[in-house]
Amino acid sequence: AEVDATQQSVIAAAAGADRERQPAVVLERGALRAAGLLPPEQEMDLLARQYRKIKHSLVAQAMGRGVPRAPKGYLIMIASAMPGEGKSFTAMNLALSLALEKDLRVVLVDADVAKPQLSQVLGLGAAPGLLDALRDVTADVESLILPTDVPTLSFLPAGTDAQDATELLSSSRMERLTRLLGERDSARIVVFDSPPLLQTTESAALVRVAGQVVVVVHAESTPQPVVLDALKVLEGHPAVSLVLNQSTRTLASSYYYYGYGSGRARSGTT
């Protein structure tokens with residue numbers, strides 16, 4: 001049976017108290033940079049400016065700022081057609097940029113359960129997380145969300161690997177779990193680092209629960225037919241965005257390309 005709003009508030013408060021007692025996950029910048037999840041230090045300011053532009057439309061759709069609030073817009077899936085395009089890099093840096101907002105709280109979820117790079121780099125490869133919350137119907141996902149040393153950013157590890165990961169992510173429990181993540185905190189945005197769209201079945205399951213999808217494309221590397229095939233997987237989704245990563249053909253002050261669409265992806269330069 002569904003718990004009522006009062007019960008949800010009590011559960012959320014208890015989970016929050018548990019998180020406060022937990023040691024914060026330290027986002028060790030050197031380790032993240034070595035793993036390719038942060039840019040070189042001398043490019044941080046440029047990157048920060050680009051992600052401010054990228055997040056603007058995402059926040060507007062998630063929170064209803066100046067536009068109608070998108071259904072489940074607070075659930076943002078970061079995807080790519082193939083591995084190696086920079087989706088984990090984008091997920092980490094977008095989450096950090098969102099966490100700078102004064103009135104938002106961000107949960108970064110490692111949903112690339114087959115290759116959980118974020119969890120491994122943060123030293124949480126063996127920690128319980130998303131898959132465990134899906135497997136155990138008595139588990140409260142809030143108790144598995146870990147605080148980080150960035151006060152407004154938390155992290156949910158991928159959890160214990162399972163052969164039935166696709167079925168778990170496709171389950172009605174996943175729909176309830178993701179809905180509760182937003183309902184328990186109206187100021188929360190959830191960012192999912194997801195598996196490649198064309199190489200796994202897990203990604204299609206995540207598309208169904210995401211309110212917004214950001215597709216990362218490696219500039220001058222990913223063939224156009226591959227990008228189009230990935231967009232076919234997303235056909236019919238109401239909010240699809242594109243980020244062109246590692247572009248060197250634009251102005252020196254603009255390495256990233258961003259387009260926002262409703263119904264289908266469309267393009268626009270930053």
Side-chain angles (χ1 to χ4, degrees), residues 15 18-19 21-39 75-80 82-99 105-136 139-171 173-174 177-178 180-181 188-197 199-203 205-207 209-210 213-214 216:
D18 287 341
R19 288 196 300 276
R21 289 191 290 269
Q22 293 173 338
V25 175
V26 177
L27 302 181
E28 217 313 302
R29 272 44 176 190
L32 291 170
R33 194 164 283 119
L37 295 172
L38 286 181
L75 301 174
I76 302 175
M77 174 183 176
I78 309 301
S80 63
M82 303 293 287
E85 301 200 57
K87 65 174 182 57
S88 296
F89 174 93
T90 300
M92 173 61 72
N93 287 278
L94 177 61
L96 287 169
S97 184
L98 288 167
R105 286 174 289 277
V106 183
V107 178
L108 176 59
V109 180
D110 190 349
D112 191 351
V113 294
K115 295 183 178 180
Q117 183 187 16
L118 294 178
S119 298
Q120 291 167 358
V121 172
L122 294 176
L124 299 168
L130 176 62
L131 289 177
D132 302 278
L134 293 172
R135 189 178 299 109
D136 181 0
D140 177 24
V141 67
E142 292 287 339
S143 67
L144 302 178
I145 297 173
L146 305 173
T148 75
D149 56 348
V150 177
T152 52
L153 176 62
S154 301
F155 181 71
L156 179 62
T160 308
D161 191 16
Q163 295 298 317
D164 59 347
T166 299
E167 288 75 16
L168 289 171
L169 293 171
S170 302
S171 66
R173 168 118 177 119
M174 179 66 173
L177 181 150
T178 52
L180 286 173
L181 283 174
R188 176 185 280 173
I189 287 182
V190 185
V191 177
F192 294 90
D193 181 28
S194 307
L197 290 164
Q199 285 205 334
T200 69
T201 52
E202 291 92 345
S203 58
L206 287 165
V207 170
V209 300
V213 182
V214 176
V216 181

(message) For the CE atom of Met92 and the NZ atom of Lys87, what is their distance to the nearest 0.5 Å?
(response) 11.5 Å
(message) Is there a side-chain contact (heavy atoms from CB on, under 4.5 Å) between Val207 and Leu197? Walk through the geometry before answering.
(response) CA-CA 9 Å; Val207 170; Leu197 290 164; 4.1 Å; yes
(request) Compare all side-chain heavy atoms of Leu96 with those of Val150 and state whether any distance is below 4.5 angstrom. (result) yes
(request) Check the pair Leu181 / Ile145 against side-chain contact (heavy atoms from CB on, under 4.5 Å), numbers first and verdict last. (result) CA-CA 10 Å; Leu181 283 174; Ile145 297 173; 3.7 Å; yes
(request) Could you tell me the separation between the CZ atom of Arg105 and the OG atom of Ser154, rounded to the nearest 0.5 Å? (result) 9.5 Å
(message) Quick one, Pro157 and Leu144 - any side-chain contact, counting heavy atoms below 4.5 Å?
(response) no
(request) Measure across Pro83 and Gln199 and return the closest heavy-atom pair with its distance rounded to 0.1 Å. (result) CG-OE1, 3.0 Å
(request) Sequence neighbours left out, what passes side chain to side chain donor-acceptor pair (under 3.5 Å) with Thr160? Give chain and number order. (result) Asp132
(message) Given 3.5 Å as the limit, does a donor-acceptor pair link the side chain of Ser97 with the main chain of Asn93, or not?
(response) no
(message) Quick check: closest heavy atoms across Phe89 and Pro39, and the distance to 0.1 Å?
(response) CE1-N, 3.6 Å
(message) To the closest 0.5 Å, what do you measure between CG (Leu27) and CG (Leu153)?
(response) 6.0 Å
(request) Test Val141 against every option in Leu156, Thr178, Leu180 by the side-chain contact (heavy atoms from CB on, under 4.5 Å) rule and name the one that passes. (result) Leu156
(request) Start with the C-alpha gap between Met174 and Leu206, add the side-chain angles, then the distance that decides, and say whether side-chain contact (heavy atoms from CB on, under 4.5 Å) holds. (result) CA-CA 9 Å; Met174 179 66 173; Leu206 287 165; 3.5 Å; yes
(message) Closer than 3.5 angstrom, by distance alone: can the side chain of Arg188 be matched with the main-chain N or O of Val107 as a donor-acceptor pair?
(response) no
(request) Measure from the side-chain N and O atoms of Thr152 to the backbone N and O of Ala99, and report whether any donor-acceptor pair falls under 3.5 Å. (result) yes
(message) Restricting to non-hydrogen atoms, name the atom on Met77 and the atom on Ser203 that form the minimum distance, rounded to 0.1 Å.
(response) CE-O, 3.5 Å
N/O donor to acceptor pairs below 3.5 angstrom from side-chain atoms of residues 116-131, sequence neighbours left out:
| unit_1 | atom_1 | unit_2 | atom_2 | d |
| --- | --- | --- | --- | --- |
| Gln117 | NE2 | Ala35 | O | 3.3 |
| Ser119 | OG | Asp110 | OD2 | 2.8 |
| Ser119 | OG | Ala158 | N | 3.1 |

(message) When you compare the side chain of Pro196 with that of Glu85, does any pair of heavy atoms fall below 4.5 Å?
(response) no
(message) As an exercise, state the distance from CG of Asp193 to CD1 of Ile76, rounded to the nearest 0.5 Å.
(response) 13.0 Å
(request) For residues 153-165, pull every pair meeting salt bridge (charged side-chain N to carboxylate O under 4.0 Å, His left out), keeping only residues two or more places apart or in separate chains. (result) none
(message) If I take atom CG from residue Leu37 and atom CD from residue Glu28, how far apart are they, to the nearest 0.5 angstrom?
(response) 12.5 Å
(request) For residues Ala139 and Ala133, report the shortest heavy-atom separation together with the two atoms involved. (result) CB-CA, 4.2 Å
